[in-house]
Q: 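First, the structure itself, so that you have it in front of you.
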Amino acid sequence: MQPVKIITTVKKMQEHSDLMIHQGKSIALIPTMGFLHEGHLSLMQEGSRHADHLVVSIFVNPTQFGQGEDLEAYPKDFNRDMDLCKKKGVDVIFKPDAPELYPENFQTYIALEKLPNHLCGLSRPVHFKGVATIVTKLFNIVKPDIAIFGQKDFQQLAVIKQMVSDLHMTVKVIGAPIIREADGLAMSSRNTCLSPEKRPAALSLFESLNNAKQLIKNGVTDSNIITKKARDIVKFHGDTEIDYISICDPETLEDVQNIKKPVLMAMAVKVGKTRLIDNMLLSP
Ligand code: PAF
C-alpha cells in the first residue's frame, strides 16, 4: 500500500497542488465529509481513471448544516477513512479544521438564485449556499482539473455544475452513479445511524422509486398518481416522516405534472432521526 500524504492547511495544500501542476500532473478532487463508504470509493476509482493525482478532502462543513441539523452527530472515523484512502491509491487527504477554512472574519458566500428553491433546499434553506461556498473554496485550494460528486445528491451536483458554468470555473465536474447496498439502500454515511428495525422503512425509498419506474413503464403519465403511491409505500412503515417526494425536470428541478419526457423522481424521508435521500431518472 502506498503512503497517503495528509495536509491540514490551505497554504500547504495550495503549494502541493502548484507543485503537481508544475510537474505536469492532472489533479482529481473527491470532496467528502468523511466516514467513507463504497459510494466514495467508486468516486475515487473514477478519479484515478481521469487524473494522475488523486486528492480526497475530508471536512464536515458547518455552513451547510442549519440549526437543529445533525452537524454534531455526523459520524467520524478518520483512521478507517485513511486506510480506505490508502487502499484506493489516494495521494493526498486534505483535512483542514473549521477555523482554517472559516477564520473569524469570514464573510463571503456563493448563493444560487433558482436551483436551491426546490427539493432539499426547501427544508434546508442554508444548505446549498454552504455547499456552493465550500466547494468553491476547495476548488481554489486544491486546484483540481476534475472533481467528482455522487448522483445520490442530485440537487447538489446540479448546483455545482450550474455554479461552475455561471462563474466560468475551469474544473470539469463529473457525476458518478448511485452505489447501493445489497438490499438496494443508497449508500450514505448516515446509514450507520439506522438500527436494524428501521431498515425496512429505509428501503421504502428505493421501493417507491422502483414502483414509479414500473408505473411509468405501464403508461402512467400523471405525477400525482405516482407520488401518491410512493407516499403510501413510505407511510406503510411507522416512524417515517416525508420531507418531499417530487417528480421534476432534471435540469431545472421544477415540478412536472404530466410526464412526456425523462424526469427525475427525488425524495427525502426521515426514518427515525435519520434523514435519507434517494432519486432515479425515469423515462416514459
Ligand atoms: O456531499 C458531500 O459530502 C458534501 O456536501 C460536500 C460536497 C463534500 C461539501 O461539503
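Remember, it's 1-based here, ligands and their atoms both numbered in the order they're listed. Side chains are part of it too, since the values below use all heavy atoms of this structure and drop only hydrogens, waters and symmetry mates.
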Q: So that I can tick it off, tell me whether Arg180 and Asp278 are bridged by a salt bridge, with the cut-off set at under 4.0 angstrom between side-chain N and carboxylate O.
A: yes
Q: Charged N to carboxylate O under 4.0 angstrom, Lys261 versus Asp249?
A: yes
Q: Answer yes or no: does an N/O atom from Thr32 fall short of 3.5 Å to an N/O atom of ligand 1?
A: no
Q: Which protein non-hydrogen atom lies closest to atom 10 (O) of ligand 1, naming both residue and atom, and how far is it?
A: Gln64 OE1, 2.6 Å
Q: Can you list the ligand 1 atoms lying under 4.0 Å from a non-hydrogen atom of Pro31?
A: 8 (C)
Q: What's the shortest distance from atom 3 (O) of ligand 1 to any protein heavy atom, and which residue and atom give it?
A: Met33 CG, 3.6 Å
Q: Only one of Leu157, Leu43, Ile148 forms a side-chain contact (heavy atoms from CB on, under 4.5 Å) with Ile174, so which one is it?
A: Ile148
Q: Any donor-acceptor pair under 3.5 Å linking the side-chain atoms of Lys143 with those of Gln14?
A: no
Q: Please write down residue, atom name and distance for the protein heavy atom closest to atom 2 (C) of ligand 1.
A: Gln156 NE2, 3.8 Å
Q: Under 4.0 Å from any heavy atom of Ile134, which atoms of ligand 1 are there?
A: 9 (C), 10 (O)
Q: Is the closest side-chain donor-acceptor distance between Asp255 and Ser246 under 3.5 Å?
A: yes
